[in-house]
Number of protein chains: 2
Amino acid sequence: MKTVSGFSKMSKTEKINWLASQFQGKTAEEVLTMDRFWHPDAGEQSRFDEFAENTLTNYYLPFGVAPNFIINGKSYTVPMVIEESSVVAAASLGAKFWQERGGFHARVVSTKKVGQVHFLWQGDKKVLKDFFEDNHATLLESVSSLAENMIKRGGGVSSIALLDLGRELENYWQLKMEFETCDAMGANFINSILEESARQFQALIKTNDLPAAEIIMCILSNYTPDCAVEVFVECPIDKLGTFSNDMDARTFARRFQTAVEIARIDRSRAVTHNKGIMNGVDAVILATGNDFRAVEACAHAWAAHDGQYRSLSSCTLSNDTFRFSMRLPLALGTVGGLTTLHPLARVSLGILGHPSATELMQVAAATGLAQNFGAVRSLVTTGIQKGHMKLHLLNILHQLGATDKDKENAKKYFADKVVSFSAVRQLLQEYSETRN
Amino acid sequence: MKTVSGFSKMSKTEKINWLASQFQGKTAEEVLTMDRFWHPDAGEQSRFDEFAENTLTNYYLPFGVAPNFIINGKSYTVPMVIEESSVVAAASLGAKFWQERGGFHARVVSTKKVGQVHFLWQGDKKVLKDFFEDNHATLLESVSSLAENMIKRGGGVSSIALLDLGRELENYWQLKMEFETCDAMGANFINSILEESARQFQALIKTNDLPAAEIIMCILSNYTPDCAVEVFVECPIDKLGTFSNDMDARTFARRFQTAVEIARIDRSRAVTHNKGIMNGVDAVILATGNDFRAVEACAHAWAAHDGQYRSLSSCTLSNDTFRFSMRLPLALGTVGGLTTLHPLARVSLGILGHPSATELMQVAAATGLAQNFGAVRSLVTTGIQKGHMKLHLLNILHQLGATDKDKENAKKYFADKVVSFSAVRQLLQEYSETRN
């Protein structure tokens, strides 16, 4: 692989050609034919090219839907973008199960966003604190013109505080700001306000003849513990029905509750438990053009907020009621960014009835809880492999180029057996030999 | 939205038609035309449909590349799938910067995977512990036939331990197993072995006339703290060059180090700092058909392993050397699952020279560190908004349907001004009025 200069300035085709020229054989050929994933309409394609840099083609992820969600009494078909098999199936199963038992109940705690101006300042701490008291209103006022549009929509800067963190790091201070960004994720708004606040803060410090502050950085925080949704499902234990192998409702409830409790106390289990929740949440995040890295970072940091990493969801059995619930911090937008620019994010928001950010937060959290319910239900009843293996078998059969007839026969054969690549290959060989 | 039965059994077109029938006007029309994102080749499309359930179409994510990565002396162009603007640019910038300064150095700590059989057992604890000692080898032996293929490839079950967790939850025990899965992520392998181990364990308990164990669940853990990469860049401080606004190398190094230290001590900053690392890591994960939810959950839980959520990367300045490093737990595969099935994951692996899982772990970690370097570098020099806003401006211009000429003029106009949607709209109106 050679060093390349000016790569970002090349056209898409020049980039592909350069990359292909670094290889021989199959890889060169595969790189050259990446254009088969371009949208046939060049105008539509150019839109996708502009989302990121050095774009060569489109990566396809399956766009599916989970129907039959009832959330706060309203019916939804939830758009889900996810490459992992069984996630949409588990969410759909969870949705259908709870549809007949009152559906999902969700409420938004708040939509408070956070930003920080990190700076170093050396001097008499009381002087800076007094200065901040005196100039607090002036500082807020000085950034209000930037916030004008957000204020019109009902948002803006909610608060600004001066934090002395000198015990952690010498001379380290923060301006910690809170924001209301309405239906936008608001990253650009927040970062612009923060940078402007830092400039104005420095100017005010100068006017007041204080020692200068060294601004280290200005940036929003993705840790938004109060920008959160509470979601739950509940029903009388004896209305849970029966499960596979004649497991009764009470046994199921107890086993389910034990599994969730294990995820509360055991970190190794908690990570996978929460990963399952995020399977559902992220699928909605991706489908609606939101940022899954931001959501992931916040959710997992929140899972460790008491000093031990724990499950995000919890389950109680009291007064003969099964209740499965979760508090999930979740900062989402339904305007701005990709939500508006990505044609399929637009379709997703259309399918959801053009929700506000708070409504979307509730849908995403409910999908996460549905997925978690479906996964834990599988784990404590049939085991996870039965469902996974069925899908795994289909993938192996596809990969080995099995005929439709062989696929049908193999599905029957593996109904009660452990699926492995070699076992499938051997079976297909036997089928083939029988024919010859 | 109506309740629907048998949705999963419908054909793709039937699903789309049903969904469209739930809406009127624009949403109905947009749902009906989701097929414009289908691959023109029906065979190729059917492959994507099978990855997940209830698939309607393909969600496009931009597939880009970051050239000029040097990792352990080898040159790479790194495939990145990410919808967020500026991530590929920051990674490319980080790669190019370090290319001239020795590149990235990475090593894999281990590739140890983890699985757990969670069970309840009531009785004399010493009896179960002794039983486990005596039957430990038999238990391992009893699942060896399932592991046959993995053993041939150099992997298999590495260890099995009995954990007494009764202090946390009454009668709660674990069989904790460790696995080597070579170039596979190994989820199906691990889960199959765990379920079989549980069956064999129960059978052995029965044979030995012990009280029965109630298996709650068997599942791999995505918390793999030892399946990790260490990656670093380093160079003499005075070889760092100069930065914007004539910032010298020493000032840059000190500010950069302070920013990373802030992310170590302040949770709100740590979340966004790590989110930036995962921007780079996840882009490689997606491009290579790996599972980003697993990687995210593990990385963030690891970030909180000492009881406080902290930055994953760290920076030291000693002996006049700038060193920026990270230990990142990362369980990846380059065979099996989507890595083989997704045609673009295959292209990605081709571009990377068909790496082993350990080589891919190093590439993904280096990309994360490069992205983190690029982001923190922006933050402590020009501020993050300068770069973001340039891309934000392009998106707004596109959204407002600006002509190429207007785009050029607007870019010049906003070179030294704060970009906002309303300001761009106003400028375009002025351009338009000037023309009329």
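Letters A, B, ... are given to chains in the order of the sequence lines, protein chains preceding strands, and every chain is numbered from 1.
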Note: A/Arg293-B/Glu83 ion pair, threshold 4.0 Å (strictly below): yes
Whatever's closer than 4.5 Å to a heavy atom in chain B on A/Leu286 counts as both
When the 4.5 angstrom heavy-atom criterion is applied to A/Thr224 and chain B, the contacting part is neither
Minimal heavy-atom distance between A/His118 and B/Asp266, with the atoms involved, is CE1-OD2, 4.3 Å
So, the part of A/Ala259 with a heavy atom under 4.5 Å from chain B: the answer is both
Shortest non-hydrogen pair, B/Glu296 vs A/Phe292, comes out as OE2-CE1, 4.4 Å
Taken to the nearest 0.5 Å, the spacing of A/Arg36 CZ from B/Glu44 CD works out to 4.5 Å
Residues B/Leu379 and A/Cys218: closest non-hydrogen pair is CD2-O, 3.7 Å
Review point. Any idea how A/Tyr59 and B/Phe63 line up, ring-wise: parallel (<30°), tilted (30 to 60°), or perpendicular (>60°)?
Key: parallel
Max heavy-atom pairs within cutoff under 4.5 Å with chain B, candidates A/Val31, A/Leu120, A/Leu341, goes to A/Leu341
Aromatic ring pairing A/His300/B/His300, orientation class (parallel under 30°, perpendicular over 60°, tilted between): parallel
- Task: Examine the side chains of B/Thr3 and A/Asn68 and answer whether a donor and an acceptor come within less than 3.5 Å of each other.
- Result: no
For A/Arg255 and B/Ile216 the tightest heavy-atom approach is NH2-O, 3.3 Å
Rounded to the nearest 0.5 angstrom, the OG1-CZ distance for B/Thr77 and A/Phe23 is 6.5 Å
Honestly, the part of A/Leu344 sitting under 4.5 Å from a heavy atom of chain B is both
